[in-house]
Number of protein chains: 2
Amino acid sequence: MKIDPAKPADLSAQIAKAIRDAIMSGALPVDERLPSEAELAEKFSVSRPTVREALKRLAAQSLIRTQRGATGGAFVNRLKYQDAYGQQITTSTLLLSMNDVSFATACEARYALERACAPLSAQRRTADHLATMRAEAHRQCQPGLTDQAFCASDVAFHRALVDAAGNPVLSYQLAGAVEAMQPLMNMITFSARSRQRIIDLHVQITNAIEAQDAAKADQNLSDLSRYTQQLAQEVITQRNTAGVTK
Amino acid sequence: MKIDPAKPADLSAQIAKAIRDAIMSGALPVDERLPSEAELAEKFSVSRPTVREALKRLAAQSLIRTQRGATGGAFVNRLKYQDAYGQQITTSTLLLSMNDVSFATACEARYALERACAPLSAQRRTADHLATMRAEAHRQCQPGLTDQAFCASDVAFHRALVDAAGNPVLSYQLAGAVEAMQPLMNMITFSARSRQRIIDLHVQITNAIEAQDAAKADQNLSDLSRYTQQLAQEVITQRNTAGVTK
DNA sequence: AATTTTCATTTGTCAGACAATTAAACGTCT
DNA sequence: AGACGTTTAATTGTCTGACAAATGAAAATT
């Protein structure tokens, strides 16, 4: 673990990189204790605040955890699925919102990935997953539901669909795609009729998954994808028309 | 932007969260300048080093960038695809290596996702993507190639396949799935015969994509997935046998 | 032996200072 | 007046030293 003295700026970034590389290469195994801040400071020939800034960078990525006290210190952290989900969602959401990603592009990506899960979900779904999907579909029927709550339930439904594939890596990869769509979906106002169409498709998807009919589920997801894009298109058209007449 | 004085520990984490929430909610638009460190310190009633630790956390996630000088400061950063790729790969790689994810699980996820891209890639592939895929397939034929280099070329081939879908969101989501497999693949020793089989399938996939034959590409990817898993299974079996005899 | 106290270690936080960088304001010369 | 160098103010980057808080281990006490 060395740092390059030729690049004087951003010492904390260099130190963070050195430690990150050591962790990713496996040189520092999980739960290994890093040297104390004072020792790291001496080792890298920097002050303790600089070392601390580096450690905070790593903590932000859940690469280390810190503990106070006599036997405390910074430890290499086992990255949990939950932490990875969170980072994935944060990054995906910002990526979409900051780069003017069109609804069509994001939607295409999301449904392409979900359809990849469908055959596995059909094969491995448990009663628990089916129950969650039906519960969310039922929640979506409630008349007083706000658009936001409708979207949140939609996300929960699709997460259950993905989780039914029984592959945690797949669930992790899809978390970003599904969750990051929510802010985009929230821009849509759902009429009672369009809600009913979506709910119908959700029920059909659930039925197909329960019947372990992958082809049917794929077809329904394809329909849902097309309908969602159509809804978004209408919103955009209306917005443009309103802008012209104004 | 408030912080909770009831939880005394980890002030920098609380401050980072407050600013992160403000960015994610859109309250702080892209390129907006945050108050100076001294102002933030006063605002949150903490010292400047604490504020700095919070800012470094955000910098680690590429949420802000900092600039020195008279008009410098911390600015809300537009998250670039490149930055998002990097974080995605780091997180995915660690998730796989630290959680004893089986080769089968990771491989299943990867190929399920890639097969989701294939129809789009077949539809939209450009000459450039095809050229990259053929170039990597050709590189894989070189006799002196190390297993590591073979795997690296394999990753490059599959990234080109994914990029051919022409959906940057899809490319971003898949980056982790494809790249994080590399360390796992590196544990396999590829015989000349198994290499040839993989290369043949790569060529067939490229041909199918060029012919815009989505079904054929899907079939070939399915074959490649099965063959890869079979290879891994053999390695595991051999290793276990060696362990018993030893 | 069990419990309490003390203590050393380590992280968390603060205050103040100086260096490095940068752009704007200022002044000078043509 | 305009072009060009100089100063200056603002801001981040880094350092030093210090104290508080937590925490487990060792020592002392019952």
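Here is how names work: the chains are called A, B, and so on, in the same order as the sequence lines, proteins then strands, and each is numbered from 1.
- Between B:Leu40 atom CG and D:dA10 atom P there is a gap of 17 Å when expressed in whole angstrom units.
- In this structure, B:Phe190 and B:Phe150 have tilted ring planes: the angle between them lies in the 30° to 60° band.
- Residue B:Arg33 has a polar side-chain atom (N or O) positioned under 4.0 Å from OP1 or OP2 of D:dT11.
- Distance, A:Ile15 CD1 to D:dC15 C1': 13 Å, rounded to whole Å.
- A salt bridge (charged side-chain N to carboxylate O under 4.0 Å, His left out) with A:Glu37 is found for one member of A:Arg48, A:Arg68, A:Lys43 and no other, namely A:Arg48.
- Looking at every heavy atom in both residues, A:Ala160 comes nearest to A:Met133 through CB-CG, 3.7 Å.
- Contact annotation: B:Thr50 side-chain N/O to C:dC14 OP1/OP2 distance is under 4.0 Å.
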Practice problem: Applying side-chain hydrogen bond (donor to acceptor under 3.5 Å, both in side chains), run through B:His129 and B:Thr132 and close with a yes or a no. | Solution: CA-CA 5 Å; B:His129 295 125; B:Thr132 302; over 6 Å; no
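- If you measure from atom CD of A:Gln14 to atom P of D:dG13, you get 13 Å, rounded to the nearest angstrom.
- Counting atom types as modelled, A:Arg48 pairs no side-chain N or O with a base atom of D:dG17 as donor and acceptor under 3.5 Å.
- Residues from residues 51-65 of chain A placing a heavy atom under 4.0 Å of any atom in DNA chain C, listed by number, are A:Arg52, A:Lys56.
- Rounded to an integer number of Å, the gap from CD of A:Glu39 to P of C:dT10 is 6 Å.
- The distance from atom CZ of B:Phe75 to atom C1' of D:dT12 is 11 Å, rounded to the nearest whole Å.
- Under a cut-off of 6.0 angstrom, the local environment of CD in A:Glu32 is crowded, with over 12 non-hydrogen atoms contributed by other residues, nucleotides or ligands.
- As a whole-Å value, the separation of B:Glu42 CD from C:dC14 C1' is 15 Å.
- B:Ser36 has no side-chain polar atom (N or O) that falls below the 4.0 Å cut-off from OP1 or OP2 of D:dA10.
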Table of protein N/O atoms under 3.5 Å from nucleotides 24-28 of chain D N/O atoms:
none

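- Going from atom CG of A:Leu34 over to atom P of C:dT11 covers 9 Å, rounded to whole Å.
- Residues A:Asn167 and B:Thr105 have side chains that never bring a donor and an acceptor to within less than 3.5 angstrom of each other.
- Applying the salt bridge (charged side-chain N to carboxylate O under 4.0 Å, His left out) rule to A:Arg125 yields no partners; only residues at least two apart in sequence or on another chain are considered.
- Here D:dC15 presents its C1' atom at 15 Å from CD of A:Glu37, a figure rounded to the nearest Å.
- Between the side chain of A:Arg78 and the backbone N or O of B:Met98 there is at least one donor-acceptor pair closer than 3.5 Å.
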Practice problem: Please assess A:Asp163 against A:Ser171 for the test side-chain hydrogen bond (donor to acceptor under 3.5 Å, both in side chains), listing each intermediate value before the final yes or no. | Solution: CA-CA 6 Å; A:Asp163 289 342; A:Ser171 291; 2.8 Å; yes
